[in-house]
2 protein chains.
Amino acid sequence: MRSESTREDWTISVDAETKASERPGDHEAELRLWLRMLTCTSLIEGEIRTRLRKRFDITLPRFDLMAQLEKAPDGLTLGEVSRRMMVSNGNVTGLVERLVAEGLVERRASPKDRRATYVRLTDEGRAVFSGMARAHGDWMAELFDGLDPEEIGSLMELLAKTKRSVQRATMETDQR
Amino acid sequence: MRSESTREDWTISVDAETKASERPGDHEAELRLWLRMLTCTSLIEGEIRTRLRKRFDITLPRFDLMAQLEKAPDGLTLGEVSRRMMVSNGNVTGLVERLVAEGLVERRASPKDRRATYVRLTDEGRAVFSGMARAHGDWMAELFDGLDPEEIGSLMELLAKTKRSVQRATMETDQR
DNA sequence: GGTAAATATTTTAAGTTTGAAACATATGAA
DNA sequence: TTCATATGTTTCAAACTTAAAATATTTACC
């Protein structure tokens, strides 16, 4: 009995070690995690995009921009919007242009800095967004309905840790 | 003592219930979870996009398409690629066009179905992809370095559950 | 003050992406 | 067969997106 279990233990031990950093160049677990994250966000994003278009005839990027402005009643500079949305400056320029044309958003010069422009929701924009936000919130609850509060909490924490990990990794290589 | 703790219990109980479905129209937790998921994927995607451009002079969508083909040595139809990448058909048509022009991918008619075209990596495409995939795997390991194997496992499970939840929710509304 | 570096924005070109319409072929039912 | 419907792909217009260059202004340092 003893000698048989020794071999088995050895095998198990190697398997366990192999999972971590013993196999150079094998990053199976991280790769699959990334693909799964991507699948989840693609599914959700696609669904939200479709619903926003069908119910409110608006695109997802425009909705996202309005959502940023709704959280900042005094308005934001274009650069601040760009950072918060994590998209390029030029991208925001174009989106704002179209939202201004629709009367949902307005620009005004910064009194302090003549380079900067502030953007904020118009009254109409705020009214329109209010309805969309309510629906959007309901959709989110619907899509995540299969997770109980504890699972949502766990996911929040693990994603927070993921975010820190990614940010640390990108900081490090930025400096090289 | 008894009467004081009664009030306290009542208060706690209401707080606990309030978190679930007692507040109509409040989907704070789900909303924040979604935003956090989006932040994580945006950070990672942006980093990968930049690195692929700087090191391999290739775009992320092209890399993603090649990754699908690498997993299917016999090739895939355009429609199958479209489904796996979760993008529109027309999108794939254009991507394949550019990859064919670069000599990384080749098309051939389906022998069975004259509507369908198969796409697969060329020898050069396979060789080029091999180097990119190695780097990509390393990057993933680097970005997720802050998570230990148990955390990766938990995230995998929670995201699998999320995926099922989203799919169920979208199926339901599809039928309405 | 003068000037180099930093910051805020726009512009541009190339590419990606969608949704809808159009087209080609396949399949199944009468 | 024949036709209605389904499936595979392309085309098209509009929008989105990026990265890089250009412009305008501010800030910091001498």
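Atoms considered below: every heavy atom in the structure, side chains included; atoms not considered: hydrogens, waters and symmetry mates. Note on naming: letters A, B, ... go to the chains in the order of the sequence lines (proteins, then strands), and numbering restarts at 1 for each one. Computed from a predicted model, the values in this text were never measured in an experiment.
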Test item: [X] and [Y] side chains (from C-beta on) under 4.5 Å apart, heavy atoms:
| X | Y | result |
| --- | --- | --- |
| B:Arg84 | B:Glu80 | yes |
| A:Lys161 | A:Glu157 | no |
| B:Arg120 | B:Arg108 | yes |

Within this structure, what is the [atom1]-to-[atom2] distance between [X] and [N], rounded to whole angstrom?
| X | N | atom1 | atom2 | value |
| --- | --- | --- | --- | --- |
| B:Lys112 | C:dA26 | NZ | P | 12 Å |
| A:Leu52 | C:dT17 | CG | P | 19 Å |
| A:Glu97 | C:dT12 | CD | C1' | 13 Å |
| A:Leu78 | C:dT11 | CG | P | 11 Å |
| A:Asp57 | D:dA14 | CG | C1' | 13 Å |
| A:Arg114 | C:dT10 | CZ | P | 16 Å |

B:Glu70/B:Arg126 salt bridge by N-O under 4.0 Å criterion =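 Salt bridge: no.
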Can A:Glu142 and A:Arg51 be counted as an ion pair, charged N to O under 4.0 angstrom?
-> yes
Which parts of nucleotides 15-20 of chain D does protein reach within less than 4.0 Å, heavy atoms only, written one letter per nucleotide 5' to 3' as B for base, S for sugar-phosphate only and - for none?
-> SSSBSS
Can you find a side-chain donor-acceptor pair between B:Ser82 and B:Asn89 that sits under 3.5 Å?
-> yes
Heavy atoms under 4.0 Å, any strand shown: does B:Ser110 hit a base, just sugar-phosphate, or nothing?
-> nothing
What nucleic acid atoms does B:Ser82 come within less than 4.0 Å of, heavy atoms only: base, sugar-phosphate, or nothing?
->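 Answer is nothing: B:Ser82 stays at 4.0 Å or more from every strand.
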Is the distance between the ring centroids of B:Phe63 and B:Phe129 under 6.0 Å?
->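 Between B:Phe129 and B:Phe63, which both carry aromatic rings, the centre distance is below 6.0 Å.
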Gap separating the CG atom of B:Asp145 from the NE2 atom of A:His27, nearest 0.5 angstrom | 10.5 Å
When rounded to the nearest 0.5 angstrom, what is the spacing between CZ in B:Arg49 and CD1 in B:Ile44?
->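 Taking CZ in B:Arg49 and CD1 in B:Ile44, the distance rounds to 13.0 Å.
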With the criterion being N/O to N/O and under 3.5 Å, what pairs connect the protein with nucleotides 2-7 of chain C, and how long is each?
{"from": "C:dT7", "atom 1": "O2", "to": "A:Arg115", "atom 2": "NH1", "distance (Å)": "2.4"}

